[in-house]
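For the single chain, residues carry numbers from 1 onward in sequence order. Note that the coordinates shown come from a computational prediction; the quantities given were computed from them, not determined experimentally.
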Amino acid sequence: MPIIALTATADGITRRDVLEKLALHNPATFISSFNRANINYAVEPKKRSFESLINFLKKHNDESGIIYCLSRAGTETLAAELKIRGFEALAYHAGLDREIRSRNQELFIRDEVKIIVATIAFGMGIDKSNVRFVVHMDLPKNIESYYQETGRAGRDGVDSEALLFYSHDDVGKMKRFVEIKGNVEQTALNQKKVEQMGIYGELRSCRRKFLLNYFDEAAGDRCHNCDVCLADQHRVDMTELGQKVLSAITRLEERFGAGYVMDFLLGSNNARIQENHKAMKTFGIGKGVPKSTWNTIIKELLDQGYLQRSEGFYQLLKLTFRSAALLRGDDKLMVVSINDKIEVHEGQLEYELPLFRELKELRRRLASIDNVPPYIILSDASLLELATYLPLEVQDFNKITGFGEVKVKKYAEPFGEVINQYCKERGINTKIQLLAPKVIKKERPIRDTDTKQHSLALLRKGHSIEQIGGLRKMTTSTIAGHLAFYVQNGQLNINELLNSSRIKVIREAILSAPGNALTPAKQLLGDNYSFHEIALVKAAIEYSRNEFVTTA
């Protein structure tokens, strides 16, 4: 009997556990990339988080976003405070009356309310493509939850933001929160995952790299789209201070946490400092250096692998195999100093913000007439292209993302009228000639496999997908999944699998569906088209959206 096991977000340990629990032997596994390149990841101190949030929201005026809080009461309090400050915000949590929850969700989906302040009860199954930001006011319990929740932003591919307000105190609170009475093993696992969130919150290196590595996916050292990578950086040699920290931890026999070590370095008179420690030569060797600097040095040592924290509730600082090299001076501790300057990437055209707002308003009116959410009409990505390249002729609209034949016929005229009027009033010319073909690079699936290669070899021998399934005693969908791997990587042409007329119709449906999702596309196409055909065409679109060619 065929078995399929699915999970939205799982690390390597969880994936192996699924295989073990289901007793699956050598199954075909499919792992798509975890990289959401359009999401900017940032962390800010939790101190004065409300005012920081207000400043953040002002930068996202008239954009949709989700703010996550840990408690139900917290969502209602924050939503009320945001309303007082002039923001459209509603609360959502499992304790609200069902009708209120449904109403609030519907208002958010239709863009009639811009901000939902929610517990994690909100989000599952919500496929609103134009969520521009996700904010966490409290620490998530693990990286998996954080990744899933931030992933609700930017599903249309437009630049979006994920902001976490972090305090190390939240790590201790959350570790108590995830305790399971009577289950020591599960509690230890839960607390280990909380510690990973703490490491993420204190990172001074690329956040995207950390997230991808957590899910066993390789990544470069800089992503150019997180707060660390986007900041203007220079590295300062802090080897001497790093050596002092490691020496102190060695003298203290690795039996204390960061707070005690810092007090020891500073020669503190704190009552908790043991008398025998005050007699050591290294006691007070850090006098004259601010405690905040020592805190930064310890975080860097942890981040760069010269220190590690012990497991359990009380996190003791422990040396690693790399510590000796730094103590000897063979390694240098180079610390990143970050200021507020942000890199400006050249070659990006600016869009007309007033026009973008007019187009959003037109989209809202059209959505109201059709009784659908606005993003069903056109995604934010499409509106941004319209406001950038200013197509003035109907035939130019098919160059814009999301405009297939159906949408050109239905929407080119009303949107064209707004653009023409805007350009006429300001004496602006079209920039459609500058819209060069864009290759949208997607991360490849995790790896090639023998079973995929076998399916491809049979296809090369002239067998159809259905015939390959029969020969290999696998479902058609499984074989299509093997071949979609090669289509997405550009190693197999979609025209070898489907005829051009079917490709054309399926492509139109996918581009018209919210988030280019398979199920809405299938609903548009009906029973004459299969899921595996849609999946293959989507793989081709992902390989090269603008270089995709079919013959009529």
Side-chain angles (χ1 to χ4, degrees), residues 8-9 11 33-46 49-50 52-61 63-70 74-75 78 82 87 89 92 108 114-120 122-124 126-167 170 174 193-194 196-215 217 219 222-231 338 342-343 380-381 443 515:
T9 309
D11 59 10
S33 173
F34 287 89
N35 189 18
R36 298 290 302 278
N38 62 310
I39 297 180
N40 171 272
Y41 297 99
V43 176
E44 291 188 13
K46 194 166 184 178
S49 59
F50 180 71
S52 296
L53 175 65
I54 295 299
N55 292 331
F56 176 84
L57 295 178
K58 287 177 180 178
K59 297 176 185 177
H60 292 274
N61 188 37
E63 292 182 339
S64 293
I66 303 170
I67 302 174
Y68 284 108
C69 298
L70 186 61
T75 65
L78 183 56
L82 290 177
F87 295 96
Y92 185 104
F108 179 68
K114 297 298 181 183
I115 301 169
I116 282 287
V117 186
T119 59
I120 57 172
F122 183 81
M124 298 301 291
I126 301 298
D127 194 23
K128 180 176 167 64
S129 65
N130 65 331
V131 175
R132 291 279 72 84
F133 60 87
V134 170
V135 177
H136 285 84
M137 302 302 294
D138 300 296
L139 190 73
K141 61 183 178 181
N142 53 51
I143 296 291
E144 291 88 343
S145 297
Y146 175 74
Y147 175 83
Q148 280 191 345
E149 289 153 18
T150 58
R152 287 158 193 158
R155 291 184 175 180
D156 53 7
V158 176
D159 290 346
S160 303
E161 295 192 58
L163 173 62
L164 167 66
F165 287 108
Y166 173 78
S167 167
D170 282 354
M174 184 57 72
K193 288 180 177 288
V194 173
Q196 291 292 322
M197 276 304 313
I199 293 172
Y200 175 83
E202 296 176 5
L203 276 180
R204 298 294 299 276
S205 58
C206 178
R207 298 193 192 281
R208 179 171 275 98
K209 176 181 174 66
F210 178 88
L211 292 173
L212 296 180
N213 289 172
Y214 181 86
F215 293 111
E217 183 171 341
R222 295 191 69 188
C223 72
H224 300 285
N225 200 20
C226 71
D227 55 346
V228 178
C229 291
L230 282 175
I338 300 178
I342 302 299
E343 293 179 1
D380 277 12
E443 294 287 337

### Message
Just so I know, are the side chains of I66 and Y92 near enough to count as touching, which here means a heavy-atom distance under 4.5 Å?
### Response
no

### Message
I'd like to know whether NZ of K141 has more than 12 heavy-atom contacts from other residues, nucleotides or ligands below 6.0 angstrom.
### Response
no

### Message
Looking at every non-hydrogen atom in both residues, tell me the closest pair between V131 and G65 and how far apart they are.
### Response
CG1-CA, 4.1 Å

### Summary
From the list R207, K46, M137, M197, side-chain contact (heavy atoms from CB on, under 4.5 Å) partner of L164 resolves to M197

### Task
For R208, enumerate each residue passing the salt bridge (charged side-chain N to carboxylate O under 4.0 Å, His left out) test, keeping only those at least two apart in sequence or located in another chain.
none

### Query
At what distance, to the nearest 0.5 angstrom, does SG of C206 lie from CG of N213?
9.0 Å

### Query
For F34, does its backbone N or O pair with a side-chain atom of Y147 as donor and acceptor, under 3.5 Å?
yes

### Note, E161 side chain near F56 side chain (heavy atom, < 4.5 Å)
yes

### Side-chain heavy atoms of N142 within contact of Q148, under 4.5 Å
no

### Task
Identify the heavy atoms of Y166 and G198 that sit nearest to each other, and give their distance.
OH-O, 3.4 Å

### Query
Does any non-hydrogen side-chain atom of E144 lie less than 4.5 Å from one of Y214?
yes

### Query
Quick one: are the ring centres of Y146 and Y200 less than 6.0 Å apart?
yes

### Summary
All heavy atoms of T150 vs all of A162, minimum pair found to be CG2-CB, 3.7 Å

### Task
Check whether any side-chain N or O of N225 sits under 3.5 Å from a backbone N or O of A37 as a donor-acceptor pair, and report yes or no.
yes

### Message
With a 3.5 Å distance limit and no angle check, can you tell me whether S160 reaches the backbone of V158 through a side-chain donor-acceptor pair?
### Response
yes

### Distance, nearest 0.5 Å, that separates OG of S167 from CG of D138
10.5 Å

### Query
Do I54 and L82 come close enough that some side-chain heavy atom pair is under 4.5 Å?
yes

### Query
Of the non-hydrogen atoms in M174 and L70, which two are nearest, and what is the gap between them?
CE-CD1, 3.8 Å

### Summary
On a heavy-atom basis, the closest approach of L78 and C69 is CD2-SG, 3.8 Å

### Closest approach of S64 to F108 (non-hydrogen atoms, all atoms of both residues)
CB-CE1, 4.2 Å

